[in-house]
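The structure appears below as structure tokens.
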Amino acid sequence: MALRRQSAILAVLLAPVTMFLGVFFLLPLLIIALFSFLTPGLYGGVEWAFYHWNYGRIFGWADGIMEVYEPVYLQILGRSLGYAALTVMLCLILCYPVAFWVSRLPARWRLVFLFLITLPFFSSLIVRLYAWLLILKPSGILNTVLMATGLISEPLEILYSPAAVVLGMVYVMIPFMFLPLFASVDNLDRAQVEASMDLGGNRLQTFVKVILPQTLPGIMGGAVIVFIPSVGNFIVPDILGGAKGLMIGNLVEQQFLSARNWPFGAALSMIIMSVVLFVLLIAVTRARRGQP
Amino acid sequence: MKSPLGWAALTAFSLLFFAFIYAPLFVIIGYSFNSNPVNMMIWEEFTLDWYTGIFGLTERAMDANSRAAYIESTDQMLAALRNSLFVAVFTTTISTVMGTATAIALARYRFRARKLYDGFLLLPMMMPDIVLGIGLLIFFVTLGMQLSLMTIIIGHCTFLTSYVFIIVQARMAGLNPALEEASADLGASEWVTLRKVLLPQLAPGIMGGALLAFVISMDDLVITYFVSGTGDTTLPVFIFGMIRRGVKPEINAIATLLILASVAIAALGLWLRSRKTD
């Protein structure tokens, strides 16, 4: 009796989420997979016939008549992976020292600075990117200041460049790197650090052998959380990158909203999804094996 | 171990880091009060015109046509704000209920698919929003569903349920199950225990999750961008379109108001979290 009642409650608790995510999350992902193997319709839409040239157009087995292989798609994929990796590296370099600093502050100040880190997360993404547009413009603040101080004579062309895209992504991703990193830095066993120094280890040895291994879970966690949304990002390159800063997310958006080739867009999305699932799989299996 | 010089360098680096995070926000706030509409980077004089302008209050020397266009875009912006609030309220309600129910189910009941649910609930959060956005777009269009505020709400709920789940789950982990056992031993039914013992203890976590869901829903751009119909934009999509069409000084004022609103909400969240539960 009690058991039957329990499973009834369990069913009530889980039924909504199961149905909702089943229909509106799993099905859409399956539909992307399905569409990536369908023939593009003449005026948008699809024809329900198997078609492998969508992938051929990206990876090189295009039929040469309807679909043309362009190495540019692979280049853009490579660029997206590169920008995402660079974003992870830069976020890490910026956040790691600051995480140490915040963790050593008196309790009251720690709370203040932790709040200051999370605050930008609460303020609108589009507003923060727009701010960088104002700063990086040829007539923007950065150039105005640099020219006024005589450091440069011509305005730097930072906006609409790869540098602007990476800068923008680093800026919006910082809280996502900082919080997991801070959690592991804060748990660092200080006694072990002191023991290492007492036993004659120098700073570098202590860092590599004691501090780094202990904070590796935070580093890996932050890296995954920053890398994944960066790969498919299209807002940052749309606002701050020009043609040279185009990423795979922009290609997907173009295929869906202007070129209206949905199957090709779906194939490109499948690539983003595969990268993400691959990264998640590695992260999960490594965490399972108990190593960071 | 910590040398004063090393510490000073670390402090300097950290303060620069915080300056880097906040400089862009202050740039916007500063220039929302600058009267120079041509080059916003050159300071002319203090003005509130852009603020009164976005609410259609400024009497400016304009010909009838541009005045009409101006009022129209103000109306559109206010409509977008209303849409954003409408979507956020419904999304928050739905995702909070589903996320909380799931967190309770996974923490208090043993069943075979528990591990599976644990991983599955994280997936919508980790899926890049562009993939989820176009997946939903194809899905709705294939099904013949009209893109509307409802499709936006559905889109937001798919990933915000995960956020609520994570936060409530963290709160669940800190609770003492003995209280619920005591309640059961004293003869309370499962539902009474849930309502009178578990939910009050969970309240701060649920509030925190709901607040986060609300803020993210208000701010979501990518999923909304793909699943919104032509008539129904939200505020972030409206601003995105405005920026794409070229920079107008009114954006600074809108952005400043948004920054102030988010500071207020974040402060509220912090206050809720720091409050002790009784």
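Chain identifiers are assigned alphabetically (A, B, ...) following the order of the sequence lines, protein sequences preceding nucleic acid strands; residue numbering begins at 1 within each chain.
In this pair, Phe24(A) and Phe139(B) present their aromatic rings perpendicular. The plane angle is above 60°, beyond the 30 to 60° band. Between Phe256(A) and Phe226(B), the ring-plane angle classifies as perpendicular under the 30° and 60° cut-offs.
When heavy atoms are compared at a cutoff of 4.5 Å, Leu136(B) approaches chain A by way of both its backbone and its side chain. The contact between Ile216(B) and chain A is made entirely by side chain atoms (from C-beta outward), counting heavy-atom distances below 4.5 Å. Within the 4.5 angstrom heavy-atom criterion, no atom of Phe165(B) approaches chain A. With a threshold of 4.5 angstrom between heavy atoms, Leu10(B) approaches chain A through its backbone and through its side chain. Neither the backbone nor the side chain of Leu30(A) has a heavy atom closer than 4.5 Å to any heavy atom of chain B. With a 4.5 Å cut-off on non-hydrogen atoms, Ser162(B) does not touch chain A at all. Of the two parts of Leu268(A), neither the backbone nor the side chain holds a non-hydrogen atom closer than 4.5 Å to a non-hydrogen atom of chain B. Residue Val12(A) touches chain B through its side chain alone, counting heavy-atom pairs closer than 4.5 Å. For Arg244(B), the part sitting under 4.5 Å from any heavy atom of chain A is the side chain, from C-beta outward, and nothing else. Within the 4.5 angstrom heavy-atom criterion, no atom of Phe159(B) approaches chain A. Residue Val215(B) touches chain A through its side chain alone, counting heavy-atom pairs closer than 4.5 Å. Interface residue Pro16(A): backbone and side-chain heavy atoms are both found under 4.5 Å from chain B. Only the side chain of Leu15(B) has a heavy atom closer than 4.5 Å to any heavy atom of chain A. For chain B, no part of Asn143(A) is nearby; none of its heavy atoms comes within less than 4.5 Å.
Here the CZ atom belonging to Phe25(A) is positioned 10.0 Å from the CG atom belonging to Leu121(B), to the nearest 0.5 angstrom. To the nearest 0.5 angstrom, Ser123(A) atom OG is 7.5 Å from Tyr22(B) atom OH. The distance from atom CG of Leu132(B) to atom OG of Ser269(A), rounded to the nearest 0.5 Å, is 11.0 Å. With values rounded to the nearest 0.5 angstrom, Ile130(B) atom CD1 is found 9.0 Å from Ile248(A) atom CD1. Interatomic distance, OG of Ser262(B) versus CZ of Phe121(A), reported as 11.5 Å (0.5 Å rounding). In this structure, SG in Cys157(B) is found 9.5 Å from CG in Leu21(A), a value given to the nearest 0.5 Å.
Of the listed residues Ile134(B), Ile239(B), Ile254(B), Thr158(B), the one with more heavy-atom pairs under 4.5 angstrom with chain A than any other is Ile134(B). No other option in Thr100(B), Leu258(B), Ile28(B) has as many heavy-atom pairs under 4.5 Å with chain A as Ile28(B). Considering only heavy-atom pairs separated by less than 4.5 Å from chain B, the leading option among Val17(A), Leu116(A), Val252(A) is Leu116(A). For the set Leu125(A), Val284(A), Asn233(A), the count of heavy-atom pairs under 4.5 angstrom toward chain B peaks at Leu125(A). Note on Leu123(B), Thr161(B), Val141(B): by heavy-atom pairs under 4.5 Å with chain A, the leading option is Leu123(B). In terms of heavy-atom pairs under 4.5 angstrom with chain A, the leader among Thr102(B), Ile154(B), Asp220(B) is Ile154(B). Between chain A and the residues Gly99(B), Ala267(B), Ala101(B), the most heavy-atom pairs under 4.5 angstrom are made by Ala101(B).
Pairing each heavy atom of Met126(B) with each of Ile228(A), the nearest pair is O-CG2, 3.1 Å. Of all the heavy atoms in Ile138(B) and Trp262(A), the pair that sits closest is CA-CZ3, 4.0 Å. Taking every heavy atom of both residues into account, Phe18(B) and Val98(A) meet most closely at CE1-CG1, 3.8 Å. Taking all atoms of both residues into account, the shortest heavy-atom contact from Leu94(A) to Phe13(B) is O-CE2, 3.4 Å.
Taking the side chain as every heavy atom from C-beta outward, Asn252(B) and Leu134(A) approach each other to under 4.5 Å. Side-chain contact between Tyr109(B) and Leu14(A) is absent, with no heavy-atom pair separated by less than 4.5 Å. Side-chain contact check for Ile135(A) versus Pro24(B): some heavy-atom pair is nearer than 4.5 Å. Here the side chains of Val276(A) and Pro128(B) are in contact, with some heavy-atom distance below 4.5 Å. Met127(B) places a side-chain heavy atom less than 4.5 Å from the side chain of Leu29(A).
When the shell of 6.0 Å around CZ of Phe111(B) is examined, it contains more than 12 heavy atoms from other residues, nucleotides or ligands. In Leu143(B), the CG atom is crowded: over 12 heavy atoms of neighbouring residues, nucleotides or ligands sit closer than 6.0 Å.
Side chain of Tyr171(A) to main chain of Ile21(B): a donor-acceptor pair is present (N/O by atom type, distance under 3.5 Å, no hydrogens or angles). Although no hydrogens or angles enter the test, the distance criterion places no donor-acceptor pair under 3.5 Å between the side chain of Asp219(B) and the main chain of Phe122(A).
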Side chain to side chain contact (heavy atoms under 4.5 Å, CB included) assessment of Phe17(B) paired with Ile117(A) = CA-CA 10 Å; Phe17(B) 172 88; Ile117(A) 281 276; 3.4 Å; yes
What verdict does the ring-ring contact (aromatic ring centres under 6.0 Å, His included) test give for Phe234(A) and Tyr225(B), after you've listed the backbone C-alpha separation in whole Å, the side-chain angles of each residue and the deciding distance to 0.1 Å? CA-CA 12 Å; Phe234(A) 89 93; Tyr225(B) 181 68; 5.7 Å; yes
